[in-house]
Amino acid sequence: MNVYRRGSRIWFLSVCVFVVIILLFYLKQQSPPPTLEPLPGTYQYFRERDFYSKTHKLGAVSHCDTRFALDHALGNDEIRSTLKGLLASYATTMRELDTETWLAHGTLLGWYWNRKLMPWDTDIDVQMPAKDIAKLAVEYNMTEFVYPLPKTKSSRRYLLDINPHYSIVSFRDVANKIDGRWIDQTNGKFIDITAIHLDEVDLVSGPLTAMFCKDGHRYEKQDIYPLEQSDFEGVEVKVPAKSDKILREEYGARSLTNTRFHWYELFRPF
Ligand SMILES: *[C@@H]1O[C@H](CO)[C@@H](O)[C@H](O)[C@H]1NC(C)=O
């Protein structure tokens with residue numbers, strides 16, 4: 001009898017210890033990663049209102065600049081036409097202003113697969129050299145540009161807004177990873193622009209080849225240059241020289257071969 005009771009107590013304690021370990025592990029997974037303290041004297045410049053999507057077909061969240069966001073979420077059609085309008089107007093303007101820029105992140109992945117935005121995309125990302133962001137900041141900050149919306153009779157007003165923190169080149173400026181925005185003022189949707197900097201550490205060890213963004217992404221100069229001229233959603237754009245290498249590093253090798261994403265079946269038409 002005694003032996004039996006002691007045995008069951010040990011068994012009970014083991015189960016308790018096991019449950020506590022699982023619980024601690026679960027809580028650790030749930031807690032957010034430690035965030036870096038913002039740099040003294042900085043504040044978050046760009047602010048957005050997030051609309052959460054309830055459908056499977058769209059990305060989980062659509063961001064709109066707080067200054068222009070509507071009080072309701074945009075429908076899928078409105079998001080698609082807004083993104084195409086942003087892209088066409090941005091590409092034209094940057095060409096006219098003689099500014100170098102190319103597709104990045106998820107937008108580059110869409111380009112890789114089908115030369116189009118992914119059907120679930122709710123935003124657009126581009127990069128540009130730090131010297132070009134500096135030029136835009138000095139000469140064109142807060143300039144408004146008016147462009148016709150593709151395939152419609154209406155036109156839209158776009159705002160070029162450059163983050164005053166663009167010249168702070170530190171990963172610790174965590175609230176200002178985005179250096180500039182091209183914003184559709186009718187609904188606040190935007191293109192995020194991040195500047196690419198040459199890594200100064202290499203000044204000591206050799207020729208400057210390492211490049212980085214404030215959001216922590218790193219590249220070799222020859223991954224980006226020479227830029228390749230291409231087409232995206234029928235718009236003339238530039239993409240990095242080694243897009244597949246960049247995408248593999250950012251999203252993993254399977255992002256270039258896996259044909260099932262977000263309830264969609266993908267194929268590469270070329
Ligand atoms: C751009 O203009 C806005 C509004 O005047 C200002 O808040 C911001 O600091 C400016 N950005 C730069 C880079 O000067």
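Order of listing sets the numbers, starting from 1, for every ligand and every atom in it. Because the structure is a prediction, the values reported are computed rather than measured. The basis for the numbers below is simple: all heavy atoms, side chains too, and nothing from hydrogens, waters or symmetry mates.
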For R157, all residues meeting salt bridge (charged side-chain N to carboxylate O under 4.0 Å, His left out), sequence neighbours excluded: E144
Tell me which residues fall inside the under-4.0 Å heavy-atom shell around ligand 1. Y45, A137, N141, M142, I162, N163, P164, Y166
Residues 127-141 side chain polar contacts: donor-acceptor under 3.5 Å, at least two apart:
residue	atom	partner	partner atom	Å
Q127	OE1	W102	NE1	3.0
Q127	NE2	Y219	OH	2.9
K135	NZ	L97	O	2.7
K135	NZ	D98	O	3.1
N141	OD1	I162	N	2.9

Could you work out, with ring-ring contact (aromatic ring centres under 6.0 Å, His included) as the rule, every residue matching H197, not counting sequence neighbours? F212
Taking the six-membered ring of F232, is the NZ or CZ of R115 close enough (under 6.0 Å from the centre) and on axis enough (within 45°)? no
Using a strict 4.0 Å threshold on nitrogen-to-oxygen distance, state whether R181 and D161 make a salt bridge. no
Given the rule in the side chain to side chain contact (heavy atoms under 4.5 Å, CB included) test, do R67 and F46 qualify, once you have shown the distances and angles that lead to the verdict? CA-CA 10 Å; R67 290 165 288 182; F46 290 120; 4.3 Å; yes
